[in-house]
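Right, one structure below, let's go through it.
Every heavy atom of this structure was used, including side-chain atoms; hydrogens, water molecules and symmetry mates were not. All residue numbers in this chain count up from 1 along the given sequence.
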Amino acid sequence: MALTGPTLTGLAADRSPGCATLDEATAAPAAFDVTCDVLVVGFGAAGSATALEAAERGLDVLLVDRFAGGGASWLSGGIVYAGGGTKHQKAAGREDTAAAMAEYLSREVGDAVSPETLRRYCDQSADMIDWLEDHGALFDGTEAPHETSYPSRDHYLYFSGNEMVPANREAVPPAPRGHRAKGAWLSGRAMMEGVMARVRATKGISIRTEASVRRLFVDEAGAVVGAELMCLPQQGLMTALHRRLERWARVIALQVAGVSRLLLALVAMIEARQAKPLRIGARLGVVLATGGFIKNRAMVERHAPQFVKGFPLGSSGCDGSGIRLGLAMGGRLDKSGQISAWRFINPPHGFAKGIVVGPDGSRLTNEEQYGARMGDAMMRKAGGKAWVILDADGIAEAKREIATGAMWGFQSFPARTLMMTAKRAPTIEALAAKLKMPAATLRAAVDANNAACKGTAPDPMGKSEDMRGLIERGPFHALNISVDNPAFPLPVLTLGGLAVDEATGAVLREAGGTIAGLYAVGRAARGLPSNFYVSGLSLGDCIWSGRRTAAAIAEANAPQEVIPAQAGIS
């Protein structure tokens, strides 16, 4: 959900010279048009969780969104990373503990959050699944039969990270923790439709869609006490058109980004001509649940230029506008260069049994790893260039798996395209010549892989024995998985956000301390996946951080129990 409309198009991409600062222009008005306890900006997973938790704790909530709601979560696969013994893990006969989950995740997320925060998430994640099911989502314990980037239609629990990679499973007891919400298609939409319906039905939550935040208001002490919205009429032809255009843009963006941008330009025109200001007072604070900044090309070019060629994965509003207003209030941006690049080559399973090499012919990483590891290695080590090397048997295995019909269309179509457009040659040396890479280097990579397959040497990348595949029968194939292959776009999304207090979600000042009255959750904030992403960790963090922040606001403002004077006399 975008926080700002066309009124802030002159704002710098981040807090560079010329960016808006805290000054008299944001001073609170003498009177507000509407007041609430908490203003939540963004009606995606993080905003929904924040609003629900706050309302259930007795707070009066106003939830606003520039569009109709859903955010990037609505477009997602609907995976929530949870463990420690969820009821669905138990139904699948899987044992797990919060301690094992925390130990594994610490290997993935590093210093994204403190060990204490990571352990709290793991301790509370099983309850989070129960909470989601109590609030409109559905899950299931039917486990996928093998590792995959996304389970088939009949499976809902799977290893969604790198738990089964030998280096991890030998150190930490593995368990499947990817919980896919039940849905007929990509499950994010089904999950969000259920949760959003519960939000709409919850007493204490008022919702205003087609409303963007133009600026934040502060009191004399600098605390955030509200915001000015630019609102379309709640009914009418132009509002209906605005909603329809954005919905088309949101869906089409996954296939044709240029058409999506045109539709959003029309959306901005409607806002510029039809939107009227509304001043909102928030007695206890404003929560930014506005998503990341992958749709803001200027911010991506500034913070992670090597990822600009990737396909921006996010909703219409993932433009960093909420983050930028936090920066304008004196906040700090953390992990801004951390971009997740998804290069999934499994399924088909046979692709992952090949090896992935860069332009110099050397192998890049362990191919069985979660696709974000593959994408990261490709982008940071090989300039975005990479090929999957397979022999005739590997290609045949992939074709057999596609023929079973077990794969989703968004998995089988690019796999077929990659095989149809692959470079082919009768020998590895001839294949290297076609790829313009050193033949000796590619030959050495293939020979090392084959030695590992035959058990005469360890796999150089630590690949599992059952994920290894011989590459020795021609013709040999090189599948182009490079970032600039138009037939196989590389999805990218931002992981960094506003630095926040990990206990409350309060936005941290660049100069030290917190910004009173301003909070950030989900991908608008630094969180669990801000160093590295595995499937389900972002959605899980959105739900968890939203609930955490709402609870912190409610607890900090709960009526204090009055103790009679005599009770304190010893």
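- Remark: side-chain polar atoms of T209 are not paired, donor with acceptor, to backbone N or O of A68 under 3.5 angstrom.
- For D37, the side chain to side chain contact (heavy atoms under 4.5 Å, CB included) partners at least two apart in sequence or on another chain are L59, D60, R283, L284.
- Between S530 and A525, the closest heavy-atom pair is OG-O, 4.1 Å.
- Open room surrounds CZ on R244; 12 or fewer heavy atoms of other groups in view lie less than 6.0 Å from it.
- L229 places none of its side-chain heavy atoms less than 4.5 Å from the side chain of S212.
- Here Y370 pairs with F344 under the ring pair (Phe, Tyr, Trp, His ring centres under 6.0 Å) rule; sequence neighbours left out.
- Between the T504 side chain and the A506 main chain, a donor and an acceptor come within less than 3.5 Å of each other.
- Applying the side chain to side chain contact (heavy atoms under 4.5 Å, CB included) test to T97 and every residue at least two apart in sequence or in another chain returns A99, A100.
- At least one donor-acceptor pair closer than 3.5 Å links the side chain of Q89 to the backbone N or O of T86.
- For residues 501-551, the set of pairs meeting the ring pair (Phe, Tyr, Trp, His ring centres under 6.0 Å) definition, not counting sequence neighbours, comprises Y121-W544, W342-Y533.
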Start with the C-alpha gap between K295 and D319, add the side-chain angles, then the distance that decides, and say whether salt bridge (charged side-chain N to carboxylate O under 4.0 Å, His left out) holds. CA-CA 5 Å; K295 294 297 183 78; D319 63 358; over 6 Å; no
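- Contact check for Y150 versus S187: side-chain heavy atoms found under the 4.5 Å cut-off.
- Put simply, the side chain of R373 reaches to within 4.5 Å of the side chain of N162, judged on heavy atoms.
- Salt bridge present: E228 and R214 bring a charged side-chain N and a carboxylate O closer than 4.0 Å.
- Residues that satisfy the side chain to side chain contact (heavy atoms under 4.5 Å, CB included) test with A190, not counting sequence neighbours, are absent from this structure.
- For the pair I129 and K87, the minimum side-chain heavy-atom distance is 4.5 Å or more.
- In this structure, the side chain of S336 does not engage the main chain of L333 through any donor-acceptor pair within 3.5 Å.
- A salt bridge links R243 and E210; the closest N-O separation between the charged side-chain nitrogens and carboxylate oxygens is under 4.0 Å.
- E56 is linked by a salt bridge (charged side-chain N to carboxylate O under 4.0 Å, His left out) to nothing, counting only residues two or more places apart in sequence or in another chain.
- In this structure P233 satisfies the side chain to side chain contact (heavy atoms under 4.5 Å, CB included) test together with T239, sequence neighbours excluded.
- In this structure, K182 forms no cation-pi arrangement with F139, as its terminal cationic atom is not both closer than 6.0 Å to the ring centre and no more than 45° off the ring axis.
- For the residue pair E246 and S316, a side-chain donor N or O sits within less than 3.5 Å of a side-chain acceptor on the partner.
- Between the side chains of T117 and S114, a donor-acceptor pair is found at a separation under 3.5 Å.
- The side-chain heavy atoms of I543 and V80, taken from C-beta on, include no pair separated by under 4.5 Å.
- Contacts of R526 classified as side chain to side chain donor-acceptor pair (under 3.5 Å), with partners at least two apart in sequence or in another chain: D334.
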Quick one, R547 with D127, criterion salt bridge (charged side-chain N to carboxylate O under 4.0 Å, His left out). Give me CA distance, side-chain angles, the key distance, then yes/no. CA-CA 12 Å; R547 295 184 65 201; D127 172 71; 3.5 Å; yes
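- With hydrogens and angles disregarded, a donor-acceptor distance shorter than 3.5 Å links the side chain of S545 to the backbone of G522.
- Here the side chains of R509 and R332 are not in contact, with every heavy-atom distance at 4.5 Å or above.
- In plain terms, the two heavy atoms of D96 and M101 that are nearest each other are OD1-N, 4.3 Å.
- Listed by chain and residue number, nothing satisfies the salt bridge (charged side-chain N to carboxylate O under 4.0 Å, His left out) test with R120 (two or more places apart in sequence, or in another chain).
- Under the side chain to side chain donor-acceptor pair (under 3.5 Å) criterion, Q306 pairs with no residue at all, not counting sequence neighbours.
- Salt bridge annotation for E53-R548: absent, with no cationic side-chain nitrogen under 4.0 angstrom from a carboxylate oxygen.
- For residues 536-545, the pairs satisfying salt bridge (charged side-chain N to carboxylate O under 4.0 Å, His left out) are R523-D541, with sequence neighbours left out.
- Looking only at side-chain heavy atoms (C-beta outward), D501 and L508 come within less than 4.5 Å of each other.
- Minimum interatomic distance between L63 and G47 (heavy atoms only, all atoms of both residues): CD1-O, 4.1 Å.
- Residues I79 and H179 form no side-chain contact, since every pair of their non-hydrogen atoms from C-beta on lies 4.5 Å or further apart.
- Legend: salt bridge (charged side-chain N to carboxylate O under 4.0 Å, His left out) pairs involving residues 307-317, not counting sequence neighbours: none detected.
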